[in-house]
Amino acid sequence: MGTATIWWRARAISAGVGSDWRLSEARIRKRCISVSTRSSCCSSPLTLIVSSMPYEKELAAAKKAATLAARLCQKVQKALLQSDVHSKSDKSPVTVADYGSQALVSFILERELPSEPFSIVAEEDSGDLRKESGQETLKRITELVNDTLASEGSESFPTLTTDDVLAAIDNGKSEGGPVGQHWVLDPIDGTKGFVRGDQYAIALGLLHEGKVVLGVLACPNLPLASIGSNQLHSSNEVGCLFFAKVGDGAFLQALGGSTQTKLFHVQMIIQVHVCDVDNPEEASFFESFEAAHSSHDLSSSIAEKLGVKAPPVRIDSQAKYGALSRGDGAIYLRFPHKGYREKIWDHAAGSIVVTEAGGIVTDAAGNPLDFSKGKFLDVVSGIIVTNQKLMPSLLRAKNMIGNPLIPSLKQISALVFAAAIVSARGLMNNEGNGIGHCKAGCSGRRVNEFGRWRRYCGVVWIRPSALICRIAGKRSMTQLKRFHCGSHVIACGAGFTGLLWCHGGDDEASSNCVGGRRRNFTVAEWWAKKVGEKEENYLKQEEDALI
Ligand SMILES: Nc1ncnc2c1ncn2[C@@H]1O[C@H](COP(=O)(O)O)[C@@H](OP(=O)(O)O)[C@H]1O
Ligand SMILES: [Mg+2]
């Protein structure tokens with residue numbers, strides 16, 4: 001008797017978003033069909049043994065869990081945005097959605113995969129909900145979870161008690177590690193985006209022996225159409241579900257399954273690929289919306305060094321990984337500020353979606369991310385995501401910019417020049433225009449802004465890596481340090497080719513100069529704190545001033 005194994009894989013035809021929404025889920029399923037035959041006689045029956053590929057049922061469970069959790073979050077976000085009661089600073093709706101999403105995902109995974117060892121590394125724990133003060137919130141979460149389960153028409157679920165919800169949340173207490181299987185969950189990734197009404201994601205990955213083997217990203221607000229420049233899909237619809245299994249490619253389907261994308265009950269799925277651009281001038285890059293999460297200055301210096309022309313696309317959450325996996329942009333740069341430790345749930349699902357789409361995810365030194373060390377990722381100074389072709393030059397650019405020990409010729413000459421500017425302080429006139437020396441060092445466009453800092457020149461620190469000149473006023477360094485938000489920074493990051501800009505200064509300087517080439521919102525926050533004004537008002541003033 002001979003046994004032949006036939007691997008059959010329906011290849012999805014997709015060159016990018018919107019190119020082909022006609023594939024059905026059945027067509028992309030990968031199956032192993034083992035066909036046993038008797039070599040001599042055709043009278044014997046043909047035995048077909050169809051066995052699922054690894055992680056098939058885990059993937060189905062993860063998609064179901066993330067889809068339901070997304071439904072719960074959408075409901076809360078909608079109420080949050082419509083509510084007059086909750087101000088943006090009110091964290092309670094977010095809390096409800098975070099816990100609710102975690103409870104739902106945990107409940108569904110445990111129910112769908114009863115025979116598997118069950119471990120989840122997740123962001124939330126039930127400590128606060130077990131306190132007297134958390135009882136009301138716990139009740140709301142339980143209602144929300146039960147309502148969401150009831151809305152899943154195709155199946156009936158038991159009604160969960162508050163204790164069931166607490167237990168489901170506490171499943172997420174696992175520490176992960178290099179041994180065995182662990183789910184990795186961020187119940188709402190991009191909380192700030194969620195509160196703003198922008199992007200967020202439910203991110204669920206599975207680790208096996210420390211490696212990510214599957215990932216699902218539910219992005220309820222991400223358009224099905226590309227958010228990059230080459231928009232191919234005409235739909236305005238939002239809600240994307242990205243998923244990937246190791247060795248099997250990355251795929252995208254509509255999260256809601258609306259009539260447009262779900263004809264005849266067949267869910268349409270496309271295989272996604274990262275964009276294969278190799279010319280940085282044609283590439284665009286993603287970064288965090290929040291400057292506090294990732295240094296916008298550093299990524300802009302790197303992009304500039306690389307020759308990227310397009311402005312950054314700033315969005316919250318791992319929706320960035322999803323968008324990159326389908327070629328909306330070619331690069332995702334993430335440079336947390338000193339002291340921050342990345343968590344595995346912020347990257348596990350996204351990284352496999354991108355790598356299965358043909359991309360690469362490394363730390364800023366080019367090392368692959370190691371998910372086997374527990375909750376934290378020990379990354380060297382940031383995370384870089386891009387395609388195979390751009391990665392080498394991207395790492396080179398990062399090394400040149402990020403390594404203070406190897407300043408470029410341009411940086412050295414700019415340094416010398418910066419020192420000259422300081423010593424030439426006396427050249428500035430009394431109208432506050434530093435035109436005399438400024439013309440020599442930066443473009444005319446910025447002259448006035450620069451000139452108005454005249455009064456604040458005095459003490460200068462120069463950090464070669466970023467070419468940042470810190471120009472303090474007549475105030476003492478101690479005073480400046482007290483403000484401690486980088487707002488006294490005048491950054492000359494791009495050298496002296498006309499890209500001098502201002503991040504603000506002390507109180508007067510910031511009001512004068514924040515409208516430089518880049519706006520640093522921390523200045524606004526700082527200002528708001530200092531003068532007790534709302535950030536929005538301050539920004540409005542700035543807009544008006546600019547007009
Ligand atoms: N100071 C910081 N630096 C870097 N990342 C931070 C940070 N503070 C929070 N984060 C992480 O950044 C995530 C959001 O990423 P992004 O900036 O890409 O939207 C947050 O996820 P949560 O919103 O789940 O807490 C949080 O884990
Ligand atoms: Mg997160």
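This one's a predicted model, so the numbers in the text were calculated from it and none came from an experiment. Numbering starts at 1 and runs along the sequence shown. Just so you know, ligand 1 is whichever comes first in the structure, and atom 1 is the first atom listed for that ligand. What's counted below: heavy atoms across the whole structure, side chains too, no hydrogens, waters or symmetry copies.
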Backbone of [Y] reached by a side-chain donor or acceptor of [X] within 3.5 Å:
X      : Y      : value
Glu287 : Arg314 : no
Ser295 : Leu298 : yes
Glu356 : Gly249 : yes
Asn146 : Leu160 : yes
Asp363 : Val380 : yes

If you have a sec, work out which protein heavy atom is nearest [atom] and how many Å separate them, to one decimal?
atom                    : result
atom 19 (O) of ligand 1 : Ser317 N, 2.6 Å
atom 27 (O) of ligand 1 : Asp346 OD2, 2.5 Å
atom 4 (C) of ligand 1  : His293 O, 3.1 Å
atom 21 (O) of ligand 1 : Asp189 OD1, 3.3 Å
atom 25 (O) of ligand 1 : Glu123 OE2, 3.3 Å
atom 11 (C) of ligand 1 : Tyr340 OH, 3.2 Å
atom 1 (N) of ligand 1  : Ala292 O, 3.4 Å

* Should Asp186 and Lys343 count as an ion pair when the cut-off is N to O under 4.0 Å? -> no
* Salt-bridge test for Lys309 and Glu282: reply yes if a basic N is under 4.0 Å from a carboxylate O, no otherwise. =>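 Salt bridge absent between Lys309 and Glu282.
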Considering only heavy atoms of [X], which atoms of ligand 1 have at least one such atom less than 4.0 Å away?
X      : answer
Ser288 : 16 (P), 17 (O), 18 (O)
Lys320 : 16 (P), 18 (O), 19 (O)
Asp316 : 19 (O)

Below 3.5 angstrom, do we get any N/O pair linking [X] and ligand 1?
X      : answer
Trp345 : no
Gly190 : yes
Thr191 : yes
Asp186 : yes

* Of Asp163, Asp125, Asp170, the residue whose pairing with Arg130 passes salt bridge (charged side-chain N to carboxylate O under 4.0 Å, His left out) -> Asp170
* Using salt bridge (charged side-chain N to carboxylate O under 4.0 Å, His left out) as the criterion, point out the one residue from Glu58, Glu152, Glu112 that pairs with Lys64. =>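 The salt bridge (charged side-chain N to carboxylate O under 4.0 Å, His left out) with Lys64 is passed solely by Glu112 among Glu58, Glu152, Glu112.
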Salt bridge (Lys or Arg N to Asp or Glu O under 4.0 Å) with [X]: which residues, sequence neighbours excluded?
X      : answer
Asp189 : none
Arg396 : none
Asp164 : none

* Heavy-atom contacts under 4.0 Å between Ile188 and ligand 1: side chain, backbone, both, or neither? ->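 Within the 4.0 Å criterion, Ile188 contacts ligand 1 through backbone atoms alone.
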* Is His337 touching ligand 1 with its side chain, its backbone, both, or neither, if touching means heavy atoms under 4.0 Å apart? ->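 Neither part.
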Would you please determine whether [X] falls within less than 4.0 Å of ligand 1 on a heavy-atom basis?
X      : result
Gln318 : no
Gly193 : no
Lys192 : no

* Asked: Between Phe194 and Tyr200, is the gap from one ring center to the other below 6.0 Å?
  -> yes
* Would you confirm whether the ring centroid of Tyr321 sits within less than 6.0 angstrom of the ring centroid of Tyr332? => yes
* Considering all heavy atoms, the nearest Arg71-Ser151 contact -> NH1-OG, 3.3 Å
* **Atoms named by residue and atom, protein N, O or S, within reach of the Mg ion (ligand 2) (under 2.8 Å)** => Asp186 OD2, Asp189 OD1, Asp346 OD1
* For atom 12 (O) of ligand 1, state which one of Arg334, Glu342, Lys343 supplies the nearest heavy atom. => Arg334
* Passes salt bridge (charged side-chain N to carboxylate O under 4.0 Å, His left out), Asp316 versus Arg196? Steps please. -> CA-CA 10 Å; Asp316 304 279; Arg196 253 190 270 110; 2.8 Å; yes
